[in-house]
Amino acid sequence: MTMPTPARGTVRQRLSAVRDDTQVTAWAIAAGGGDEDAADRFVRATHGDVRRFVAHLTADHSGADDLTQETYLRALVSLPRFAGRSCARTWLLSIARRVVVDRYRYDAVRPRLSGGDWLDLAERRLPDGAPGFEEGVALLDLLSTLEHGRREAFVLTQIIGLPYADVAAMTGCPIGTVRSRVARARDDIGAMLRAAEQGPEEVMPAAS
């Protein structure tokens, strides 16, 4: 049986991602040794991924900047101990995940703030008509309804682009569990999109 040949574009994308991760890891190691320029490059190269991850994982657009800042505060302190045994991007997102977990624990023991939800805060924070704003809010809205494990697996693999094996190691789950969570998240999102397209009148059950 002849195996299908991967699309050339897909192969190039994977090679590019590997080269990028190698460079990011090299910057992290150099930064751990005191290279300030490497530390700046490391932060610039990974900042977008960290912010997207924490925003999607928490469905809290307004709090993403604080969580991102806390992630880098912890990471920069820990960089001298980073030995490069794993990709620096994966290592950094593991720290971001712990920051999010700590925030959940903190929120669980303090009274909830009154006033609008995360969507209201996001709408007040960003200007109307900002490029991609409505699409971004819609995606956050969909992701916020997913079960936590499914949302985390979906964000890490489908939005951040981490390999399934890396996500399995990061979350302490078998790779099969990660794949299952991603598949179920896709099913959940697809069902919500179909329901939204149909509208309330079309999904009403027929009168008996």
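With contacts defined as side-chain heavy-atom distances shorter than 4.5 Å, the pair L146/E152 does not qualify. T71 has its side chain out of reach of F53: every pair of non-hydrogen atoms, C-beta onward, lies at least 4.5 Å apart. R97 is listed as a side-chain neighbour of T171, based on a closest heavy-atom distance under 4.5 Å.
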Checklist entry - Would L67 and R51 count as a side-chain contact (heavy atoms from CB on, under 4.5 Å) if you check the C-alpha gap in whole Å, the side-chain angles of each, and the deciding distance to 0.1 Å? => result CA-CA 8 Å; L67 293 169; R51 194 183 187 285; over 6 Å; no
Next on the checklist: T25 vs W91, test: side-chain contact (heavy atoms from CB on, under 4.5 Å). Steps then yes/no.
Outcome noted: CA-CA 9 Å; T25 300; W91 172 80; over 6 Å; no
Item to check | Pair F154-H56, side-chain contact (heavy atoms from CB on, under 4.5 Å): steps then yes or no | outcome: CA-CA 10 Å; F154 184 86; H56 290 312; over 6 Å; no
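Checking side-chain atoms of Y72 against main-chain N and O of H47 turns up a donor-acceptor pair under 3.5 Å.
Linking Ile, Leu, Val, Met, Phe, Trp and Tyr whenever their side-chain heavy atoms come within less than 4.5 Å leaves L73 and F82 in two separate clusters.
Residues V54 and A64 come closest through the heavy atom pair CG2-O, 3.7 Å. Residues A168 and V178 approach most closely at CA-CG2, 3.8 Å, considering heavy atoms.
The salt bridge (charged side-chain N to carboxylate O under 4.0 Å, His left out) analysis of residues 176-188, with sequence neighbours excluded, yields the pairs R150-D188. Residue pairs meeting the salt bridge (charged side-chain N to carboxylate O under 4.0 Å, His left out) criterion with at least one partner in residues 31-41, sequence neighbours excluded, are D37-R41, D40-R44.
Applying the side chain to side chain donor-acceptor pair (under 3.5 Å) test to T90 and every residue at least two apart in sequence or in another chain returns D166. Partners of S78 by side chain to side chain donor-acceptor pair (under 3.5 Å), not counting sequence neighbours, listed by chain and number: R81. Residues passing the side-chain contact (heavy atoms from CB on, under 4.5 Å) test with R74 are E70, I95, R98, V99, D102, sequence neighbours excluded. Applying the side-chain contact (heavy atoms from CB on, under 4.5 Å) rule to A39 yields the partners A31; only residues at least two apart in sequence or on another chain are considered.
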